[in-house]
Novice: 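Shown below is the structure under consideration.
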Amino acid sequence: MAAPVAAAAGRSAVLACSPALRGMDAVSFRVPASFPRQRASFPSIRVQRIPKRFQVSCSAKQETIEKVCEIVKGQLALPEDSTVTGETKFVDLGADSLDTVEIVMGLEEAFQISVDESSAQEIQTVGDAAALIDKLITEKDA
């Protein structure tokens with residue numbers, strides 16, 4: 001674990017700890033710096049969550065998302081009444097790594113594209129797959 005770092009800011013010092021604390025991204029402590037003419041006081045602790053990543057909206061075309069949803073339903077043999085959207089994660093549908101490979105193969109065949117292995121490993125949702133497909137089709141047509 002990295003050592004804490006203290007930095008003086010005006011009349012108080014800020015002590016930042018390593019983000020290795022369970023469930024927290026960052027913790028900061030405000031501790032009054034001790035100057036000869038000041039009285040001792042209790043430190044105040046301020047805990048705030050810092051997002052690990054930004055939420056990115058799906059940039060895929062709606063028609064691509066709908067087609068991917070149908071292919072995923074078919075590959076996983078889901079009932080027709082099951083709900084699959086752009087935000088649906090493959091693991092939430094019960095897909096394991098082999099199912100995901102089969103889904104990617106089905107998408108490659110349906111859209112006449114080729115998905116490299118590194119890109120295929122990053123696909124976690126239907127929207128991810130649709131966005132990648134739109135990107136690959138655009139690159140292919142260019």
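The chain is numbered in sequence order, starting from 1. Predicted model, so just to flag it, every value in this text is computed and none were measured.
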Novice: Just jot down the side chain to side chain contact (heavy atoms under 4.5 Å, CB included) partners of Glu122, sequence neighbours excluded, or say none.
Specialist: none
Novice: For Gln75 and Ile103, work out which heavy atoms get closest and say how close.
Specialist: CB-CG1, 3.9 Å
Novice: With side chain to side chain donor-acceptor pair (under 3.5 Å) as the rule and sequence neighbours excluded, what pairs involving residues 100-110 come up?
Specialist: none
Novice: Only pairs under 3.5 Å count here: list side-chain donor-acceptor contacts from residues 134-142, not counting sequence neighbours, and write none if there are none.
Specialist:
from: Asp134; atom 1: OD1; to: Thr64; atom 2: OG1; distance (Å): 2.8
from: Asp134; atom 1: OD2; to: Lys61; atom 2: N; distance (Å): 2.7
from: Thr138; atom 1: OG1; to: Asp134; atom 2: O; distance (Å): 2.8
from: Lys140; atom 1: NZ; to: Gln112; atom 2: O; distance (Å): 2.6

Novice: Check the pair Phe111, Val68 against side-chain contact (heavy atoms from CB on, under 4.5 Å), reporting the backbone distance first and the verdict last.
Specialist: CA-CA 10 Å; Phe111 289 95; Val68 171; 4.0 Å; yes
Novice: Which value, rounded to the nearest 0.5 Å, describes the distance between Thr125 atom OG1 and Ile65 atom CD1?
Specialist: 9.0 Å
Novice: Show which residues join Met105 in its hydrophobic cluster (side-chain heavy-atom contacts under 4.5 Å, direct or indirect), or state none.
Specialist: Val101
Novice: What residues, two or more places apart in sequence or in another chain, satisfy side chain to side chain donor-acceptor pair (under 3.5 Å) together with Ser119?
Specialist: Asp116
Novice: Please report the interatomic distance OG1(Thr88) to CG(Asp128), rounded to the nearest 0.5 Å.
Specialist: 11.5 Å
Novice: Examine distances only and state if a side-chain atom of Lys73 and a backbone atom of Ser82 form a donor-acceptor pair shorter than 3.5 Å.
Specialist: yes
Novice: Just to verify, what does Asp81 make a side chain to side chain contact (heavy atoms under 4.5 Å, CB included) with, not counting sequence neighbours?
Specialist: Pro79
Novice: Are the side chains of Thr85 and Val126 in touch, meaning some heavy atoms are under 4.5 Å apart?
Specialist: no
